[in-house]
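To start, the structure itself, in C-alpha cells.
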Amino acid sequence: MATTNNTAASMIEIRELGKFFGELEVLRKVDLTVESGGVVAIIGPSGSGKSTLLRCINLLETPTAGRIRVGDHVVDFNGPKRQRLNDKSVAAFRANTGMVFQGFNLFLHMTALQNVMEGLVTVRRLPHQTAEQEALALLAKVGLSDKAAVYPNQLSGGQKQRVAIARALAMKPQVMLFDEVTSALDPELVGEVLAVMRQLAREGMTMIVVTHEMAFAYQVADRIVFMRDGVIVEEGPAKTLIDNPQQESTRAFLSHFRNGLP
Amino acid sequence: MSYAWDFGALWSHRGLLLEGAGYTLLFTFATIVLGMAIGVVVALLRLIPSKIVTAPLIFYIGVFRCTPVLVQLIWMYYALPVLTGILLGPATAAILTLSLYGGAFYAEIFRAGIESIERGQWDGARALGMRRHAVMQRIIMPQALTRMVPPLVNQCILQLKNTSLVSVIAVPDLLYQSQVLTSATYRPLEVYTVSAIIYFLLLFPATMAVQYLESRLAKGR
Ligand SMILES: Nc1ncnc2c1ncn2[C@@H]1O[C@H](COP(=O)(O)OP(=O)(O)OP(=O)(O)O)[C@@H](O)[C@H]1O
Ligand SMILES: [Mg+2]
C-alpha cells in the first residue's frame, strides 16, 4: 500500500475497477472521482453492483482489477504493480473510510457507547477515558446522549443507524460510505437518519451514498451515478441527471420513482 | 415384591465406591480439559481456507463422531498395540480416547458457535479497521461463547457419563468399583442403586445449570 503526495483536490479516485465473484463479473471498468467534500449518490436497480462497489472501496471485498485512492491511501490491483495486501495495511485503509450498512451491524454485546468506543480503543488506541469522552461527544452529535448505556436490541432502527454513523465517524475517516442506510427503517424513522447525513454533508464530509431516496439524492448530492449490470451508465450533476436523464435505461429506472420526486 | 434391602455390607465398603466416584470425577475433569483444548485448536484450524489443513480434521471429527466410544476405547486399548507396538496403560488409553472423542464434539460446538455469528458483525468490525485477531477476540468470540455455553455443558455431562465405559478396560471408576463390590457382597441391587444415585447427584446440578443458562439466553442477553 503506497502513500503518494497527491495534491489533487479529489478525495476518492477509482480507476477501471473490476470485480469477479468466481465467474460472475459484478463490476466492469468502473471509474469514479469524488471531490473533497463532495457528495455522490449511487442509484440503480437491484443486483447492479452498488453494494459491491462500496465494499470494494473499503476493501471488504478485494477487487480483481483497478486502482483505488482514498485521500493519501492507494491500492492497486493491476498487473505487475499488484500489491500483496496484508491484514495490517488493509485495516489502516479501512479505518480511513467509514462505512454504514443497511443492516446496522452494531455489536450486539455492547452498549451504544461501547460500540462507538470500540474503534477508538482497539484501532486508534486512545486511553479509555479519552475514548469515552470522544464517544459521548459523537453520540451527542447524532442526538443520542441519553442512549449511551443502552444495548442495540433496545434501540429503534433509526437510533441504531445513528449509533452506527457515530461509530464510523469515531475513526475520523476522510470519507464516509453509506449503503442503503435507510432501507431497513420504518418510514417515520428515515428522516432522523437523513438529517444526520445532511448535517455531515454540510460540514464538508466526502460521502458516497447508495440510496433509493431520490428526494435526498436530489437535494443533498452534488452528483448522481446511475449503475446497471456492473457498469456506470450515466453520471452527472444531481439535478441534471434526475430532471433530464440522457440514457434510456436511466429514464426507465427513474420512472419508478416519479411520484417520490420533488 | 418382598426384596429385603440391606445396605449394611455396602456401608462397610463405602471407601471403594467413593474412590470410584473420585476416579470418575478425575477422568471427567481431565478429558473435559484436554477435549476442549483439542476442540478449540481443531475449530480454529478449520477456519483456515486450505483443504490440506481441513481435510484431515474433518476426517478426525467424522471418525470419532460416527463410531461408538466403547468401540474406540477397546480399539485403542487392544488394537493399537497390535498395529503400532505402542502399549497404552488402561488409564492412558481411557483418557486419550475420551479426550479425542470429546474433542471431536467440542470442535463442532466451537465451529458452529463461531459460524452462528452473522457476517454483518465481521463487516462492522472490519470496516472500523480492526485487525483479524481483534475482531475474533473482541467481537465474534464473546458473542459466540454465550451461545456455546449450553451445548458445551451438555457435552460435559455426556463426558461424565461416558467415563462409565472405561470400566471395560479395568479402570477403577465408579462403575468398575460397583462391579468389584457386587462380587464381594453379592448385593447387586443395592450396589447399582447406590452407584446410580451417585451419578445422579453428580449430574443433576449440571443439567439444572444448562436449563438455567438456556432460559437466560432465550430471554436475550
Ligand atoms: N459475496 C458474493 N458472492 C457471490 N456473488 C455476489 C456476492 N455479493 C454479491 N454478489 C452478486 O453480485 C451482484 C451485485 O450485487 P450487489 O449486492 O453489489 O448489488 P446491489 O446493486 O447492491 O443490489 P441491491 O440494490 O439489491 O442491494 C449480484 O448479482 C449479487 O448476486
Ligand atoms: Mg446493495
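Bear in mind that the values here come from a model prediction, so they are computed numbers and not experimental data. Note on naming: letters A, B, ... go to the chains in the order of the sequence lines (proteins, then strands), and numbering restarts at 1 for each one.
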Report, as yes or no, whether the 6.0 Å neighbourhood of atom [atom1] on [X] holds more than 12 heavy atoms from other residues, nucleotides or ligands.
X        : atom1 : result
B:Phe29  : CZ    : no
B:Tyr176 : OH    : no
A:Leu24  : CG    : yes
B:Tyr23  : OH    : no
B:Arg14  : CZ    : yes
A:Gln129 : CD    : no

Closest contact, heavy atoms only, [X] versus [Y]:
X        : Y        : answer
A:Asn58  : B:Ala127 : ND2-CB, 3.8 Å
B:Gly124 : A:Arg167 : CA-NH2, 3.8 Å
B:Asp123 : A:Asn105 : CB-ND2, 3.7 Å
A:Leu108 : B:Gln143 : CB-OE1, 3.7 Å
B:Ile139 : A:His109 : O-CE1, 3.7 Å

Measuring from [X]:[atom1] to [Y]:[atom2], what's the distance to the nearest 0.5 Å?
X        : Y        : atom1 : atom2 : result
B:Arg131 : A:Arg94  : CZ    : CZ    : 11.0 Å
A:Gln114 : B:Arg138 : CD    : CZ    : 9.0 Å
B:Met130 : A:Asp87  : CE    : CG    : 11.0 Å

Select one option (side chain, backbone, both, neither) describing which atoms of A:Phe107 are under 4.5 Å from chain B's heavy atoms. both
Is A:Leu106 in contact with chain B via its backbone, its side chain, both, or neither, using a 4.5 Å heavy-atom distance? backbone
Looking at A:Ala95, A:Pro173, A:Gly119, which one has more heavy-atom pairs under 4.5 Å with chain B than the rest? A:Ala95
